[in-house]
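These notes concern the structure reproduced below.
Values below: all heavy atoms of this structure, side chains included; hydrogens, waters and symmetry mates excluded. Throughout, a chain's letter reflects where its sequence line sits, starting with A, and its residues are numbered from 1.
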Protein chains: 2
Amino acid sequence: MVQVQPVEVVFHALANPTRRAMVERLARGPAIVSELAEPFDMALPSFLQHLKVLEGSGLVQSKKVGRVRSVRLVPDRLAPAVHWLTKQHRLWEQRLDQLDAYIANMEKEDD
Amino acid sequence: MVQVQPVEVVFHALANPTRRAMVERLARGPAIVSELAEPFDMALPSFLQHLKVLEGSGLVQSKKVGRVRSVRLVPDRLAPAVHWLTKQHRLWEQRLDQLDAYIANMEKEDD
DNA sequence: TGTTTACTTAGGTATTGACCTAAGTATTCG
DNA sequence: CGAATACTTAGGTCAATACCTAAGTAAACA
């Protein structure tokens, strides 16, 4: 039941400030929808679309109990994105020395 | 002249597979447009839109020399995204550890 | 100088994204 | 039971994204 979380949907989910704020909030603990939505100046249906995107990305799960839906982060779903990013970051920085000469040359006449 | 790179545009730039592939390619060194575009089954103008998004995100810079445009990564532009992600990842795992401890504790007192 | 090369610009389509309002439905409370 | 609460569904707008073709332009080559 552990479906693969492509880096794809995770980056897309995190490309939106509302959704990033939700993740930041949830990193401090689970919350119910109305609680989560409260800080945002947005109609509830709009907010729920963001929640759906986050759930679709696998970063978040929710469960309805009675008339209340509670939301929480799913463990380790950030890992693939973290790994992709840090790998690129490492490769990138490794190349810095070689790049430096090239940059110095390019910056003489940038267009 | 170092403009701030909001996590925003970086995540958006990386949310697309063509652009991620470009970044992966460029992490191995600079390239010219036609070289970069070659692996993609896409019309050149479409590909150039992706290049524009990457340049807009600050991750990449390009310069035209003669009729050829060369493209390279810009140092350290991934940093803000890496930092945001790793911070959340850390908080996330911390929080879940606490939860585990809490549950383990509850289960002890349970019997 | 004419042609090829390497983009570049212009303009078009189709889909997705981010919002909205209005009207549901299902629980819970008094 | 009736009203309030907490979403949920339906449907609509508008902008942005991801692609395309066709027709430029500017170097470089023969």
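The listed nucleotides are dA18(D), dC19(C), dC7(C); the one nearest the side chain of His50(A) is dC19(C). For Leu44(A), whose side chain is taken as the heavy atoms from C-beta onward, the closest listed nucleotide among dC7(D), dC19(D), dT21(C) is dC7(D). Nearest nucleotide to the Ser46(A) side chain, out of dC19(C), dC7(D), dC20(D): dC19(C). Among the nucleotides dT8(D), dA6(D), dT8(C), the one closest to any side-chain atom of Leu48(A) is dT8(D). Out of dC20(C), dC19(D), dC7(D), the shortest distance to the side chain of Ile32(A) is found at dC7(D). Among the nucleotides dC7(D), dC7(C), dC20(D), the one closest to any side-chain atom of Lys64(B) is dC7(C). Looking at the side chain of Arg69(A), the nearest of the listed nucleotides dC7(D), dA18(C), dC20(D) is dC7(D). With dT27(C), dC19(C), dT21(C) as the choices, the nucleotide that has an atom nearest any side-chain atom of Arg67(A) turns out to be dT27(C). Nearest nucleotide to the side chain of Ala43(A), out of dA18(C), dC20(C), dT9(D): dC20(C).
With rounding to whole Å, Phe40(A) atom CZ is found 14 Å from dA18(C) atom C1'. Note: CG (Asn16(A)) to C1' (dG17(C)) measures 9 Å, nearest angstrom. The distance from atom CE of Met22(B) to atom P of dA18(D) is 12 Å, rounded to the nearest whole Å. Between the CG atom of Asp41(A) and the P atom of dC20(C) there is a distance of 8 Å, given to the nearest Å. Rounded to an integer number of Å, the gap from CG of Leu51(B) to C1' of dA18(D) is 15 Å. In this structure, Gln49(B) places its CD atom 16 Å from P of dA14(C), rounding to the nearest Å. Separating the NZ atom of Lys52(B) from the C1' atom of dT8(C) is a distance of 8 Å, rounded to the nearest angstrom. With rounding to whole Å, Leu54(A) atom CG is found 11 Å from dA18(C) atom P.
Taking the side chain as every heavy atom from C-beta outward, Ser57(A) and His12(A) never approach each other to under 4.5 Å. A 4.5 Å side-chain heavy-atom check between Leu85(B) and Leu14(A) finds at least one atom pair inside the cut-off. Using a 4.5 Å cut-off on side-chain heavy atoms (C-beta onward), Val23(A) and Arg20(A) make no contact.
Nearer to the 5' terminus of DNA chain C, by closest-nucleotide assignment, is the contact made by Ala15(A) (compared with the other of Ala15(A) and Val65(A)). Between Pro45(A) and Arg19(A), the residue anchored nearer the 5' end of DNA chain C, judged by the nucleotide with its closest heavy atom, is Arg19(A).
Residue Ser34(B) is in sugar-phosphate contact alone, with no base atom involved, counting any heavy-atom pair closer than 4.0 Å across all strands shown.
Remark: side-chain polar atoms of Trp92(B) are not paired, donor with acceptor, to backbone N or O of Thr86(B) under 3.5 angstrom. Side-chain atoms of Arg69(B) never come within 3.5 Å of backbone atoms of Val33(B) as a donor-acceptor pair (strictly under, hydrogens ignored).
Applying the 4.0 Å criterion to OP1 and OP2 of dA16(D), one finds that His12(B) has every side-chain N and O outside that range.
For Leu36(B) against Ala31(B), the heavy-atom pair with the smallest separation is CG-CB, 3.9 Å.
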